[in-house]
Number of protein chains: 2
Amino acid sequence: MDLALIDTNSWTGIREVLLRRIHDRVWQPGEQIPHEADLAEEFGCARTTVNRALRDLAESGLVIRKRRAGTRVALNPPQRATLTIPIIREEVEALGRTYRHSLLERELRPLPPMLHGAFQVTLGEDVLFLKTLHFADDRPYAFEERYINLAAAPGAHEMAFDEVSANEWLVHNAPYSHGDLSFFAINADKTMSRKLDAASGTALFAMERITWSGKVPITHVRLIFAPGYRMRTEI
Amino acid sequence: MDLALIDTNSWTGIREVLLRRIHDRVWQPGEQIPHEADLAEEFGCARTTVNRALRDLAESGLVIRKRRAGTRVALNPPQRATLTIPIIREEVEALGRTYRHSLLERELRPLPPMLHGAFQVTLGEDVLFLKTLHFADDRPYAFEERYINLAAAPGAHEMAFDEVSANEWLVHNAPYSHGDLSFFAINADKTMSRKLDAASGTALFAMERITWSGKVPITHVRLIFAPGYRMRTEI
DNA sequence: CACGTTAATATGTGCATGCATATTATCTTA
DNA sequence: TAAGATAATATGCATGCACATATTAACGTG
């Protein structure tokens, strides 16, 4: 890798050079690196360009920037990973398999006490409960339990959700502003072992998600994947 | 929320306004939105500023941008989540608990066949194998199995890893450029149930990670967490 | 010397401008 | 008409400049 080949007039080029200096310990972790102005002079470019490169490094957590205090190499670069949580249909189809889902249950229910803390809905108000099984090539792929706040997604009341999945419908009709996401492992109980075609007690990968639009909760989902599921990403 | 309060002279302000238009379906999913120049005129700011706001929205996957083709609202906004995978010590200490770890095993070994594909090392070359148990307040927190490529981290040979953990040492001494990360669920076998103080067969959350520096593999880790562990993030 | 005030400074951001580049639309030409 | 050349256009990026803002260092003053 010849450094001379890198174009230090582009912000990406400058980022590469800075990255290499950090990797090669030219600038030690915790050490302060030269100011934007100095770097700009060194690379013969505008401060804006250096700024862009440094901003990008700061975003990925490799350097810490503070006004007046300058920029320093992060001591413990946090290992950030960006997970892409696709719509299950798309995930299955990306694997080259055919997607299908079947709605096992659909009813109005009071909000289960378990969710009272996380999911602030007027008490007494019913929420829509759905149980869905997702298939890939006719083999169970994931089991879904979902509560939908009808106040946040009124149209859901009229939807059967047998054709289009609740997930897809909500993505398009009740966009969320933020949410909580968590992952954990769970033992297959009798129901799940039957639905997911897994031996009872098998460790299953699960994901739980709550989404809000502003302060209004939209939906709570728990997805439990069939045995062998792995969630992957690159860092 | 009064829109008039938002400062449309700052790129974050403009981002908020655009975000709201997308949420409120002023611009439908898939629909093309006005050009940077038009928006700049509307907000009475420079095109650069609008560009910055749109770039940010594009990064989060909410809009898709193409030269000449313009910007359009994403049809299926990919649900991205940024996970921060901390050093275990920091994770434990952030919980207000005391961290401790004990090295259970440390030896040179040939690379196990299981890893031959992922972890390209000269055959016959030994790698350093470590087994560590991490504690929080003297209760087992996670069980770690790690292979270190000595060619990539020569200093590791001299390290006992009983004081400073391999994780922390590597972070500081053999920075990686990229890696693969995956999460899954696994049943506790006899060893793990003993080490992690879990009933045999309990579903455990596990993470596997391989990191490289360029083309040279550095380390392969498998972390298995004690029962009840949840990995959380916000979206 | 302790503590509050003020100045210095590095990053953060906005603007106007110009050119680069990818992609689409249009216009030729065989 | 179809294929290829060419023009039009929206985003991408670099520059120089000005000013905003957070934070630290220096300075007084009691």
Side-chain angles (χ1 to χ4, degrees), chain A residues 3-19 21-22 26-75 77, chain B residues 3-19 21-22 26-75 77:
Chain A
L3 282 178
L5 293 179
I6 296 178
D7 174 18
T8 54
N9 258 32
S10 74
W11 71 270
T12 47
I14 289 177
R15 184 187 55 189
E16 292 320 304
V17 177
L18 301 179
L19 202 74
R21 289 193 189 167
I22 293 171
V26 177
W27 294 324
Q28 302 279 329
E31 187 182 337
Q32 189 160 343
I33 76 175
H35 317 148
E36 293 185 348
D38 290 359
L39 290 169
E41 197 185 1
E42 179 193 339
F43 295 130
C45 69
R47 184 170 77 89
T48 321
T49 312
V50 173
N51 181 287
R52 178 90 191 260
L54 283 172
R55 253 194 359 233
D56 196 77
L57 290 175
E59 244 170 56
S60 70
L62 240 98
V63 301
I64 313 284
R65 319 196 70 200
K66 271 196 213 151
R67 293 191 178 171
R68 159 78 213 205
T71 304
R72 48 184 66 239
V73 180
L75 271 174
Chain B
L3 281 179
L5 293 179
I6 296 179
D7 174 16
T8 55
N9 257 29
S10 74
W11 70 270
T12 47
I14 289 177
R15 186 188 51 189
E16 293 321 304
V17 177
L18 300 179
L19 202 73
R21 290 194 188 165
I22 292 171
V26 177
W27 295 323
Q28 303 278 329
E31 186 182 339
Q32 189 160 344
I33 75 175
H35 316 148
E36 293 185 349
D38 289 0
L39 290 169
E41 197 185 0
E42 178 192 341
F43 295 128
C45 70
R47 185 169 75 87
T48 321
T49 312
V50 173
N51 180 288
R52 179 89 189 261
L54 284 172
R55 252 194 0 231
D56 196 75
L57 290 176
E59 246 170 53
S60 70
L62 241 99
V63 301
I64 311 283
R65 320 195 70 200
K66 269 196 215 156
R67 292 194 176 166
R68 160 78 214 204
T71 304
R72 48 185 65 241
V73 180
L75 270 174

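A, B, ... follow the sequence lines: proteins, then strands. Residue 1 opens every chain. Quick caveat: nothing in here was measured; it's all calculated off a predicted structure.
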As a quick check of understanding, evaluate salt bridge (charged side-chain N to carboxylate O under 4.0 Å, His left out) for A/Arg65 and A/Glu36, giving each step before the final call. CA-CA 11 Å; A/Arg65 319 196 70 200; A/Glu36 293 185 348; 2.6 Å; yes
Taking atom OG1 of B/Thr49 and atom CZ of B/Arg52, what is their separation to the nearest 0.5 Å? 9.5 Å
Tell me, do A/Trp11 and A/Cys45 make a side-chain contact under 4.5 Å, heavy atoms counted? no
Please give, in whole Å, the distance from C/dT13 P to B/Arg15 CZ? 10 Å
Indicate yes or no: at least one non-hydrogen side-chain atom of B/Leu39 is less than 4.5 angstrom from one of B/Ile14. no
Length of the CD1-C1' vector between A/Ile33 and C/dT11, whole Å: 12 Å
Which of residues 61-72 of chain B have a heavy atom under 4.0 Å from DNA chain C? B/Arg67, B/Arg68
Spacing between A/Asp56 atom CG and C/dG12 atom C1', to the nearest angstrom: 16 Å
Starting from C1' on D/dT11, measure out to CD on B/Gln32 and report it in whole angstrom. 12 Å
The test is salt bridge (charged side-chain N to carboxylate O under 4.0 Å, His left out); show your working for A/Arg21 and A/Glu42 and say whether it passes. CA-CA 14 Å; A/Arg21 289 193 189 167; A/Glu42 179 193 339; 2.6 Å; yes
Between B/Ser10 and A/His35, the residue closer to the 5' end of DNA chain C by nearest nucleotide is A/His35
Could you tell me whether the side chain of A/Glu59 reaches within less than 4.5 Å of the side chain of B/Glu59, counting heavy atoms only? yes
What are the residues of residues 37-55 of chain A, sorted by number, that bring a heavy atom to within less than 4.0 Å of DNA chain C? A/Arg47, A/Asn51
Can you check whether A/Val73's main-chain N or O pairs, donor with acceptor, with A/Gln32's side chain at less than 3.5 Å? no
Validation row: B/Thr12, B/Asp56 side chains within 4.5 angstrom (heavy atoms): no
Using whole Å, report how far CD of B/Glu36 lies from P of C/dT17. 17 Å
